[in-house]
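One structure is given below, encoded as structure tokens.
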Amino acid sequence: MKRVRVALLGCGTVGAGFVRLAQDERSRIAARHGVELDIGRILVRDPSKERPGVDPALLTTCATEALDGDCDVVVELVGGVHTAGLYVRRALANRRRVVTANKALLATHGRELFAAAAKQGTSIGFEASVCGAIPIVRALRDGLAGDSIDSIGGILNGTSNFILTRMEDGASFADALADAQRLGFAEADATLDVDGTDAAQKLRILAELAFEAPVRSVSVTGIREVTTTRTPSGVVRLVAEASRVAGGVALCVEPRVVPFGHPLGNVRNENNAVVIRGRAAGELLLVGRGAGAMPTAVAVMADVLAA
Ligand SMILES: NC(=O)c1ccc[n+]([C@@H]2O[C@H](COP(=O)([O-])OP(=O)(O)OC[C@H]3O[C@@H](n4cnc5c(N)ncnc54)[C@H](OP(=O)(O)O)[C@@H]3O)[C@@H](O)[C@H]2O)c1
């Protein structure tokens with residue numbers, strides 16, 4: 001049995017989900033993967049918060065204690081760009097393997113961080129940064145490694161999709177957003193969800209994986225101005241699409257009317273869907289929970305086990 005020591009940075013929605021999954025799946029993970037996960041320090045801001053199922057003795061507010069202590073894998077679930085970036089750089093400098101769900105960080109500093117990881121002979125797992133439980137990073141990196149991708153896109157933001165489908169059922173924008181926040185799948189700053197930034201960040205990560213070509217243009221429109229979510233021809237969805245254009249790739253995120261009967265029209269609530277068009281493979285559709293504590297924790301766990 002291999003003992004893997006994990007330093008967990010952040011114990012909010014996803015971090016607490018990860019702790020729970022590690023507990024719930026402990027014996028199966030040991031039997032199937034021969035790995036005993038040992039969550040050591042857990043970095044938080046406020047150690048006095050109620051955290052059911054989390055051993056308070058593991059909590060610390062001292063980042064260096066978590067980062068520089070004995071561990072094999074650093075799991076970054078703090079969010080944001082600046083502080084999370086400092087933590088990840090330090091973890092890589094310490095030659096730890098890093099797992100993160102932080103698309104904002106990767107969309108902003110991904111190239112630099114992946115280069116630092118390669119230089120240090122370590123790795124960054126980021127399956128959880130795009131589309132929660134949908135194993136899209138592995139699909140692109142492994143399953144479709146032999147194909148040329150013509151386009152990739154779909155519904156990449158669960159909060160916007162939840163709001164649009166609730167509005168379809170008669171809720172107001174504000175009520176639907178409040179529900180998404182209460183249920184734990186809105187970003188801490190929900191502006192990133194509703195203005196399309198979160199979808200654009202994920203799209204950029206997918207485009208970098210799918211195409212060996214530079215991003216030539218980015219166009220992002222969110223759902224704030226959407227007043228009608230159902231038309232005679234279809235339903236409105238926030239659609240993200242990356243496609244090949246002359247000299248590179250164009251990224252577009254915008255609310256679109258999806259015709260009735262189209263697979264994206266059937267994707268409701270916080271679900272995500274990714275449509276990939278491969279030259280040889282043809283069209284693939286992956287649908288699943290794109291956010292929330294446990295679906296995202298599953299993707300984090302996959303990277304921890306791979307690391
Ligand atoms: N929520 C989702 O469904 C989802 C889905 C996919 C990806 N993600 C990504 O996963 C990451 C975490 O998201 P989340 O929703 O779990 O966030 P969250 O609920 O806001 O949790 C953040 C955690 O980090 C801690 N923290 C924040 N800033 C800190 C600092 N400066 N020093 C120490 N601890 C700090 C917080 O401590 P306290 O608990 O003491 O406040 C909290 O435990 C983000 O990058 C997000 O984009 C989230």
Side-chain angles (χ1 to χ4, degrees), residues 7-21 39 41-54 56 58-67 74-88 90-91 98-110 113 124-137 155-162 179-193 197-202 204-206 269-272 274 288-304:
L8 180 59
L9 314 182
C11 192
T13 302
V14 183
F18 178 76
V19 173
R20 191 177 135 199
L21 189 68
I39 300 178
R41 306 308 280 169
I42 303 180
L43 179 71
V44 294
R45 258 178 317 212
D46 176 4
S48 69
K49 259 190 206 172
E50 259 316 284
R51 299 177 203 270
V54 177
L58 300 180
L59 300 178
T60 178
T61 55
C62 175
T64 47
E65 197 184 315
L67 283 160
V74 171
V75 175
E76 185 279 306
L77 298 173
V78 161
V81 174
H82 182 70
T83 309
L86 296 177
Y87 295 164
V88 169
R90 182 144 183 147
V98 170
V99 173
T100 181
N102 193 333
K103 59 244 143 190
L105 177 63
L106 295 180
T108 319
H109 298 297
L113 296 174
I124 304 176
F126 57 101
E127 184 69 74
S129 67
V130 193
C131 296
I134 300 175
I136 181 64
V137 172
I155 295 171
L156 306 185
N157 182 262
T159 303
S160 298
N161 205 56
F162 179 86
D179 278 353
Q181 286 171 318
R182 187 176 49 77
L183 293 166
F185 40 76
E187 286 295 309
D189 174 5
T191 327
L192 299 176
D193 292 307
T197 306
D198 177 87
Q201 288 169 340
K202 292 169 181 164
R204 184 176 280 273
I205 294 171
L206 292 183
N269 301 321
E270 76 274 27
N271 284 313
N272 281 188
V274 189
R289 291 203 182 145
M294 299 316 286
T296 312
V298 168
V300 173
M301 185 62 82
D303 279 340
V304 170

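Every number for a ligand or one of its atoms is a count from 1 in the order of the listing.
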- Report the C-alpha distance between Leu59 and Arg51 in whole Å, list the side-chain angles of each, state the deciding distance to 0.1 Å, and finish with yes or no for side chain to side chain contact (heavy atoms under 4.5 Å, CB included). CA-CA 10 Å; Leu59 300 178; Arg51 299 177 203 270; 3.9 Å; yes

- Query: Hey, which residues fall under 4.0 Å of ligand 1 on heavy atoms?
  - Reply: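 If the criterion is a heavy atom under 4.0 Å, then ligand 1 touches Gly10, Cys11, Gly12, Thr13, Val14, Leu43, Val44, Arg45, Asp46, Lys49, Arg51, Leu77, Val78, Gly79, Thr83, Tyr87, Ala101, Asn102, Lys103, Ala128, Gly184, Phe185, Glu187, Ala291, Gly292, Thr296.
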
- Item | Verdict with supporting geometry, Leu77 and Val75, side chain to side chain contact (heavy atoms under 4.5 Å, CB included) | CA-CA 6 Å; Leu77 298 173; Val75 175; 3.7 Å; yes

- Does Glu65 have any side chain to side chain donor-acceptor pair (under 3.5 Å) partners at least two apart in sequence or in another chain, and if so, which?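 Testing Glu65 for side chain to side chain donor-acceptor pair (under 3.5 Å), a comparison that skips the adjacent residues, returns Arg41, Thr60.
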
- Query: Are Val298 and Leu21 side-chain neighbours, meaning at least one heavy-atom pair lies under 4.5 Å?
  - Reply: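 Heavy-atom side-chain distance check passes, below 4.5 Å.
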
- Item | Single hit among Val99, Ile205, Val300, Asn102 for side-chain contact (heavy atoms from CB on, under 4.5 Å) with Ser129 |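 Result for side-chain contact (heavy atoms from CB on, under 4.5 Å) with Ser129: Ile205.
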
- Message: If you apply the rule side chain to side chain contact (heavy atoms under 4.5 Å, CB included), what do you find for Glu76 with Leu105, and how did you get there?
- Response: CA-CA 11 Å; Glu76 185 279 306; Leu105 177 63; 4.3 Å; yes

